[in-house]
Amino acid sequence: MPELPEVETVRKTLTQMILGKTIDHVEVYYLPMISPHSLESFKNKLHHATLDAIDRIGKYLIFRFDTINLMVHLRMEGKFFLKPSDAPRTNHEHIIYHFTDGTSLRYDDVRKFGTHGLKHDKELHTTLPISKLGYEPSDSRLTKHVLKEKLKTDRAIKTALLDQTVILGLGNIYVDEVLFCAKINPTRKARRTSLAKCETLIECSRQVIDKAITLGGSSIRSYTDSLGVTGRFQNELKVHLKADELCELCQTPIRKIKVNGRGTYYCPTCQKR
DNA sequence: CCGAATTCCTGTTGGC
DNA sequence: TGCCAACAGGAATTCG
């Protein structure tokens with residue numbers, strides 16, 4: 001499931017591949033995926049638009065055309081592929097952006113959870129969902145004081161850190177790794193996190209996310225980036241998906257539990273409550 | 001307002 | 001081996 005490092009890898013790859021291309025026409029095969037839901041409006045706004053840049057805000061990809069932005073969230077299994085326009089559509093390609101040069105960008109998503117929405121420049125940052133998002137780990141505005149304030153909730157720390165308004169970009173893989181790094185039990189109440197631990201959490205988030213970006217993200221389950229090249233951070237995971245394996249710091253078997261419905265991996269010795 | 005539960009979806013997994 | 005329920009999960013929505 002793509003999180004910040006995987007989305008950043010996709011962004012870089014796509015930038016190399018399709019920057020400057022102009023859309024000829026768009027095909028949509030699953031209407032609930034797009035917004036606004038008007039198919040004609042969606043197609044018309046992208047007609048003959050030229051791609052100026054691809055940005056990223058948290059896990060959202062922002063394709064910048066003239067004055068309109070295509071905001072894409074990959075959710076669990078969204079992937080892009082670049083193919084010739086006349087290549088046959090495969091089972092799970094739900095949206096095809098055809099370019100004027102005879103190539104096409106295919107959005108492939110087995111579970112149909114991804115979203116593609118159009119927003120004008122002026123609304124992008126002032127409307128949901130972007131308007132509510134918190135700061136990314138790399139953002140200097142994310143201070144221990146800011147985090148401490150956002151952690152004033154009765155939810156478990158893991159649940160709070162998955163909330164994109166608290167800290168931006170962590171998903172189920174990296175939140176487990178960050179909590180292991182910070183030696184915090186995932187079920188601990190968020191509001192019990194000390195100022196010092198808030199600082200540790202920020203440092204660990206930066207460390208984990210930076211390293212994952214450097215390695216091209218993690219390739220677990222079916223995730224591959226848009227070139228089919230696989231990330232290498234899965235080899236660096238300390239706890240996620242490591243149930244019953246021994247903690248590399250203390251040799252205690254890693255435990256798997258559920259925290260608010262999410263599969264959660266942690267070391268019961270290193271991450272005491 | 002807050003937090004938990006539900007919902008979306010389908011390929012994979014596990015139990016019998 | 002085959003069948004089917006349970007499971008995976010980000011975030012919007014609904015519920016209490």
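The chains referred to below are lettered A, B, ... by the order of the sequence lines, with proteins before strands, and numbering in each begins at 1.
At a threshold of 4.0 angstrom between heavy atoms, the contacts of Gly261(A) with the nucleic acid are absent. Asp154(A) comes within 4.0 angstrom of sugar-phosphate atoms only, judged by non-hydrogen atoms across all strands, and of no base. Among the atoms of the strands shown, none is found under 4.0 Å from any heavy atom of Lys189(A). Residue Asn260(A) is in sugar-phosphate contact alone, with no base atom involved, counting any heavy-atom pair closer than 4.0 Å across all strands shown. Looking at heavy-atom distances under 4.0 Å, Pro32(A) makes no contact with the nucleic acid at all.
When rounded to the nearest whole Å, the span between CZ of Arg75(A) and C1' of dA12(C) equals 7 Å. His94(A) places its NE2 atom 9 Å from the C1' atom of dC9(B), with the value rounded to the nearest Å. The distance from atom CG of Leu4(A) to atom P of dG10(C) is 14 Å, rounded to the nearest whole Å. Separating the OH atom of Tyr60(A) from the P atom of dG10(C) is a distance of 13 Å, rounded to the nearest angstrom. If you take OH of Tyr265(A) and P of dA8(C), they are 8 Å apart, rounded to a whole angstrom. When the C1' atom of dG10(C) is taken as reference, atom CG of Leu128(A) falls 16 Å away, rounded to whole Å. Leu74(A) has its CG atom 13 Å from the P atom of dG10(C), to the nearest Å. Here dC7(C) presents its C1' atom at 7 Å from NZ of Lys258(A), a figure rounded to the nearest Å.
The residues Glu177(A) and Lys211(A) are annotated as not salt-bridged, no charged nitrogen and carboxylate oxygen being separated by less than 4.0 angstrom. Salt bridge status for Asp154(A) with Arg191(A): present, with a side-chain N to carboxylate O gap under 4.0 Å.
Taking the six-membered ring where the residue is Trp, His116(A) and Phe80(A) present tilted rings, their angle falling between 30° and 60°. Note: Phe233(A) and Tyr174(A) have tilted aromatic rings, judged against thresholds of 30 and 60 degrees for the angle between ring planes.
Comparing dC7(C), dA12(C), dT10(B) against the side chain of Val110(A) picks out dT10(B) as the nearest. Here the nucleotide nearest the side chain of Gln164(A), chosen from dG10(C), dT10(B), dA11(C), is dA11(C). Here the nucleotide nearest the side chain of Thr153(A), chosen from dG3(B), dG10(C), dT10(B), is dG3(B). When the nucleotides dA8(C), dA11(C), dC9(B) are ranked by their closest atom to the side chain of Lys256(A), dA8(C) comes out on top. Relative to the side chain of His92(A), the nucleotides dG10(C), dA12(C), dG11(B) differ in distance, and dG11(B) lies closest.
Along DNA chain B, the nucleotide nearest Arg262(A) and the nucleotide nearest Arg155(A) are compared for position; the residue whose nucleotide lies closer to the 5' end is Arg155(A).
Between dG10(C) and His73(A), no contact under 4.0 Å exists linking OP1 or OP2 to a side-chain N or O. Neither OP1 nor OP2 of dA12(C) sits under 4.0 Å from any side-chain N or O of Lys132(A). The shortest distance between the side-chain N/O atoms of Tyr30(A) and the OP1/OP2 oxygens of dC9(B) is below 4.0 Å. In this structure, Lys112(A) reaches the dT10(B) phosphate: one of its side-chain N or O atoms is under 4.0 Å from OP1 or OP2.
Using a 4.5 Å cut-off on side-chain heavy atoms (C-beta onward), Asp176(A) and Lys158(A) make contact.
You'll find a donor-acceptor pair under 3.5 Å spanning the side chain of Arg111(A) and the base of dG9(C), going by distance alone.
Taking the centre of each ring, Phe180(A) and Tyr265(A) stay at or above the 6.0 Å mark.
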